[in-house]
Amino acid sequence: MDKKNKTILITGASSGIGKETALLLAKSGFKVFAGIRRKTDKQNLESLNKNITGVYIDITSSSSIDKAFWFVYKNTEKIDVLINNAGIAVAGPVECLSIDKIKEQFNVNTFGAISVVHKFMPLLNNAKIINISSMAASGLFPYVSPYCASKRALDILFNSFFIENKSNIKVISVKPACIKTPIWDKSVQKARLAFEEYNCSSKDKYLTELLYMEKHALENNQKGIDVKKVSELILKIINSDNPKPSYNVGFQAHLADFVSKLPQSCINNIIKFFLNKNK
Ligand SMILES: NC(=O)c1ccc[n+]([C@@H]2O[C@H](COP(=O)([O-])OP(=O)(O)OC[C@H]3O[C@@H](n4cnc5c(N)ncnc54)[C@H](OP(=O)(O)O)[C@@H]3O)[C@@H](O)[C@H]2O)c1
């Protein structure tokens, strides 16, 4: 792709994968509209590279998406690549999670990305949409099933969108394994708060599993794959004339992809075996 005048919009660029990708793309010569929600994040990103313009966008708010659209519309004729990156992780046993918590998960990871596309369609002719999905879309991970389901739903909806759309828009799903970013710490904080709010009689029976998941999440924050692996793959996808519909990042993501194709009873036995082993 000729980088001159090529425009990228990326949501959730204040930290982690979004920030690293915005910086790499700006450094590579693209004009980057970087989605943020705080003034300090806008100032910080814009000070790091002159090709970056911060755009206030909360993808769960239609008025915020509207304002972001008109801001971008006034500053560019088209978007060549939209990266739906903004995301959160809601964790906990299905029995105890409130419907509001599960909705919050879908509102950001699934409906937020769709809402952005709906609004920005006039700028997206012939564009690429790169969705930061997850290996969790394989649906293999209990206690983070709202997150898994939100990413699977994202992939299903956008795969249909790719087949259906009349604007020559390509869709690519990037499915990373555990990447070292702030999302892990944030999800642990959220899970702790949610646990206090649980209103189910079985709450205490899940304590061992929840502590295990928490430990695992905090480890991922330390031992996860370097975020550059994802940003560099995104750059490669942007520069490719013929990208694949889906990319796994990291061994665990390839493994999850493979295991998810086994019969469900076999998958469940494997997962229960590992859960019992690690108790
Ligand atoms: N880290 C991993 O292991 C991993 C693996 C697979 C997939 N992913 C996916 O990668 C994406 C980026 O996550 P990350 O790991 O880089 O975590 P992160 O550092 O926590 O970044 C998440 C970004 O999303 C933004 N965000 C959250 N809610 C938003 C909303 N309602 N509207 C707009 N922006 C919002 C955050 O902005 P604020 O700072 O304003 O909250 C932040 O910029 C997510 O979709 C995540 O599911 C991550």
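In each ligand, atom 1 is the first atom listed, and ligand 1 is the first ligand listed. Index from 1, following the sequence. All of these numbers come straight from a predicted model, not from anything done at the bench.
Side chains of K19 and N44: a donor-acceptor N/O pair is present below 3.5 angstrom, by distance only.
For R38, the heavy-atom gap to ligand 1 drops under 4.0 angstrom. S133 counts as a contact of ligand 1, since one of its heavy atoms falls under 4.0 Å from the ligand. Taking a 4.0 Å cut-off on heavy atoms, G224 fails to register as neighbouring ligand 1. In this structure, I59 has a heavy atom closer than 4.0 Å to ligand 1. The closest approach between A13 and ligand 1 falls below 4.0 Å for a heavy atom of the residue. Within the 4.0 Å heavy-atom cutoff, E20 does not count among the residues contacting ligand 1. Contact between A89 and ligand 1 is absent, with no heavy atom of the residue lying under 4.0 Å from the ligand.
Within a 6.0 Å sphere centred on CZ of F161, other residues, nucleotides and ligands contribute more than 12 heavy atoms.
Judged by the 6.0 Å distance and 45° axis criteria, K6 is not positioned over the aromatic ring of F30.
The protein atom (non-hydrogen) at minimum distance from atom 20 (O) of ligand 1 is K186 NZ, 2.7 Å.
Near A177, meaning under 4.0 Å from one of its heavy atoms, ligand 1 places the atoms 3 (O), 5 (C), 6 (C). Atoms of ligand 1 found under 4.0 Å from any heavy atom of C178 (numbered from 1 in listed order, with element): 3 (O). Applying the 4.0 Å criterion to heavy atoms of G16 picks out, from ligand 1, the atoms 16 (O), 19 (O).
Panel note: side chain T110, backbone S150; a donor-acceptor pair is recorded below 3.5 Å.
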